[in-house]
Each structure stands twice: as C-alpha cells, then as structure tokens.
Amino acid sequence: MLACGLGLMALPAAAGEPAGVVELFTSQGCSSCPPADAALKKLIDDGKVVALSYHVDYWNYLGWADTLATKDNTARQYAYARMLGRSGVYTPQAILNGRDHINGADLDGINRRLSEMTVKGKGLAVPVNATLRKDEVDINVGAGNGKANVVVVYFNREQLVDVKKGENSGRTISYWHSVRDIQTIGMWDGKPANFVLPASVLNDGKNGGCAVLLQKMKDDETPGAILGATTVMADKAAN
C-alpha cells in the first residue's frame, strides 16, 4: 500500500477563490486507494480546494466491479495522460489544476504543489461563481485571458459502499464527491460570461452537487489547465 501523509498546509489564494482543483482518480477495487479517498475527504472538510473523485473501471477485472465507475471517468484520466505525455495511468492519481499529477494519498504533497502553482501563476486566476436559486443554477465567469471551456462536473456528496469482493473485500468505505457525469456547457473567450442551468441537474436531493471548471483544451479531446473553479450543492438553495 502506498504511503500517505495527512498533514495540512496553508494555501495562498485570492479572497473567496479556491486554492486549486484536485481531481482524484480512484477505484473501489484498488487496495492503495482508501488512503487517497480519506485524503480527499480531508481536503473537502478543509474547504480550500475544489475536490472531485473520479472512479475508474479498469480494475474491475480484479473481482469487484466499482459501483461508481464510469467509462467517461476512465476516458478523462487517459486524456490527462496524453496531456502529461505519459504512456499509462495509475490509481490513486490526483491531477492538480489540470496541469500536473501526484500520488492521491500524498496530502502534504498535494497542498505543497498547489501552493507552488499559485506562486508561479499556475493557480486559479479567473473568478467563477455558481449559485442555486430555487429552480436554476446561475453561473458567472469573470474576465481573464485566453479561451476555455466551461465544464460542469456532477457529483454525489457522499456514498457509503460495502465492498464484497476484490482487494478491499469486507471493507465499508465512504466516498465523497464521486463524479457521475461531465458536461461542457459553453465557451469562454476572456470576457465576463453568464450561464444558467436548471436546478434539476442536481437531481440527487440533498446529496447532489456540481463543480464548475473553467478549463483550457489542448485539442478537442485533451483537457489542459484549469483557470477557475467553484462548487455548488443541492442543499444550498438561496431565495
């Protein structure tokens, strides 16, 4: 099992802006993943970053089919591998700001790397806000440089899973912010922009949520740097 450091470090960030985006690629069938799942929960509790968990399906052959895995999640990880110039993928892998990767269980390393990215101008520089108002989700993207996709990542706040086979057989594991769908809703060209989604997209009651990622693309199928991000939860409706 891969070693895991669970300390926390302060992350510099503009007031009200997340300190970064952590996309964890994990699997219920991977014995090295539970420490990374726990590290992601600590990041969520700390509240300084946008944290997402993508369950992948390529470990299903080990005897347990991940109940949260999707082919789109696996495809996103392979797309990041192309962006990084890597020949393969692994779990637990954390992608930071769409720019770099690290062992997802290394919480100290994740916080340190995000802090370094911010200092080097590779943090989240474009303000992104999302508010749930009764029957709609209002998304506001601020001004900046370049062009990027506006990507909405839908997730479940928490899911408890009894793993009955495979490397984690007999364990009950709590998974947080597990991604169930990914959708590109528009383009951003550097000017302030607004988008509206029906609140029904958060269709899992109080357990639903979504992240909005302002993400550059290397090509039509290869994601790149994330310039801004935020999250909104189904139980945070405003009047």
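Small disclaimer: the values here were computed from a predicted structure and weren't measured.
- Pairing each heavy atom of Trp188 with each of Gly142, the nearest pair is NE1-O, 2.9 Å.
- If you run side-chain contact (heavy atoms from CB on, under 4.5 Å) between Leu24 and each of Ser178, Pro92, Cys33, only Pro92 comes through.
- With rounding to the nearest 0.5 angstrom, the OG1 atom of Thr222 is 14.5 Å from the OH atom of Tyr78.
- When the side chains of ILVMFWY residues are joined at heavy-atom separations under 4.5 Å, either directly or via intervening members, Met217 and Met83 end up in two distinct hydrophobic clusters.
- Residues Asp66 and Asn60 are in side-chain contact: their nearest non-hydrogen atoms beyond the backbone lie under 4.5 Å apart.
- From Thr118, atom OG1 reaches atom CG of Leu124 across 7.0 Å, with rounding to the nearest 0.5 Å.
- The shortest side-chain heavy-atom distance between His55 and Thr70 does not fall under the 4.5 Å cut-off.
- Among all heavy-atom pairs drawn from Ser53 and Leu40, the shortest one is CB-CD2, 3.6 Å.
- Under 3.5 Å, the side chains of Gln77 and Tyr58 contain a donor-acceptor pair of N or O atoms.
- By the rule that hydrophobic residues join a cluster once side-chain heavy atoms approach within less than 4.5 Å of another member, Ile95 and Leu68 end up as members of separate clusters.
- Shown here are the ring-ring contact (aromatic ring centres under 6.0 Å, His included) partners of Tyr54, two or more places apart in sequence or in another chain: Phe25.
- Using a 4.5 Å cut-off on side-chain heavy atoms (C-beta onward), Val50 and Val153 make no contact.
- Listed here is the closest heavy atom pair of Met233 and Leu132: O-CD2, 3.7 Å.
- In this structure, a donor-acceptor pair under 3.5 Å is present between the side chains of Tyr80 and Arg76.
- No side-chain heavy atom of Asp181 sits less than 4.5 Å from a side-chain heavy atom of Val201.
- Under the 4.5 Å side-chain criterion, counting only non-hydrogen atoms from C-beta, Val151 is in contact with Ile182.
- Each salt bridge (charged side-chain N to carboxylate O under 4.0 Å, His left out) pair with one or both residues in residues 26-38, not counting sequence neighbours, would appear here, but there are none.
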Run the numbers on Arg82 and Glu221 for side chain to side chain contact (heavy atoms under 4.5 Å, CB included), then give the verdict. CA-CA 10 Å; Arg82 293 194 300 271; Glu221 297 182 350; 4.0 Å; yes

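- Atoms OH and CD, on Tyr175 and Glu158 in that order, are 12.5 Å from each other to the nearest 0.5 Å.
- The structure places CG of Leu62 at 9.0 Å from OG of Ser31, a figure rounded to the nearest 0.5 Å.
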Test Glu23 against Val179 for side chain to side chain contact (heavy atoms under 4.5 Å, CB included), laying out the working first. CA-CA 10 Å; Glu23 297 177 271; Val179 172; over 6 Å; no

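- The closest side-chain heavy-atom distance from Asn111 to Leu43 is below 4.5 Å.
- Screening Asp162, Thr67, Asn168 for a side-chain hydrogen bond (donor to acceptor under 3.5 Å, both in side chains) involving Gln28 leaves a single residue, Thr67.
- The residue from Lys122, Arg113, Lys120 that alone fulfils the salt bridge (Lys or Arg N to Asp or Glu O under 4.0 Å) condition with Asp100 is Arg113.
- Note on Ile102: it clusters hydrophobically with Val49, by side-chain heavy-atom contacts below 4.5 Å among ILVMFWY residues.
- Here CD1 of Ile226 is found 11.5 Å from CG of Asn149. Values are rounded to the nearest 0.5 Å.
- No donor-acceptor pair closer than 3.5 Å links the side chain of Asn97 to the backbone N or O of Arg99.
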Does the side chain to side chain contact (heavy atoms under 4.5 Å, CB included) test come out yes or no for Val150 and Leu214, once each step is laid out? CA-CA 5 Å; Val150 181; Leu214 186 64; 4.0 Å; yes

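- For the pair Lys147 and Lys216, the tightest heavy-atom approach, listed with the atom from each and the gap, is O-CG, 3.6 Å.
- For Asp46 and Lys42, the salt-bridge test fails: no basic side-chain N is under 4.0 Å from an acidic carboxylate O.
- The number of heavy atoms from other shown groups lying within 6.0 Å of CG (Asn194) is above 12.
- The shortest side-chain heavy-atom distance between Leu197 and Leu202 does not fall under the 4.5 Å cut-off.
- Both Val89 and Leu52 sit in one connected hydrophobic cluster of ILVMFWY residues. Membership requires side-chain heavy atoms under 4.5 Å apart, directly or through other members.
- No chain of hydrophobic side-chain contacts below 4.5 Å, direct or via other Ile, Leu, Val, Met, Phe, Trp or Tyr residues, connects Val196 to Val128.
- For the residue pair Val163 and Lys165, the shortest heavy atom distance occurs at CG1-O, 3.3 Å.
- Taking a 6.0 Å sphere around CH2 of Trp64, one finds it holds more than 12 heavy atoms contributed by other residues, nucleotides or ligands.
- Between Met187 atom CE and Phe195 atom CZ the span is 9.5 Å, to the nearest 0.5 Å.
- Taking 4.5 Å as the limit, every side-chain heavy atom of Pro198 sits out of range of all side-chain heavy atoms of Asp135.
- Nearest approach of Val137 to Ala130, heavy atoms of both residues: CG1-CB, 4.5 Å.
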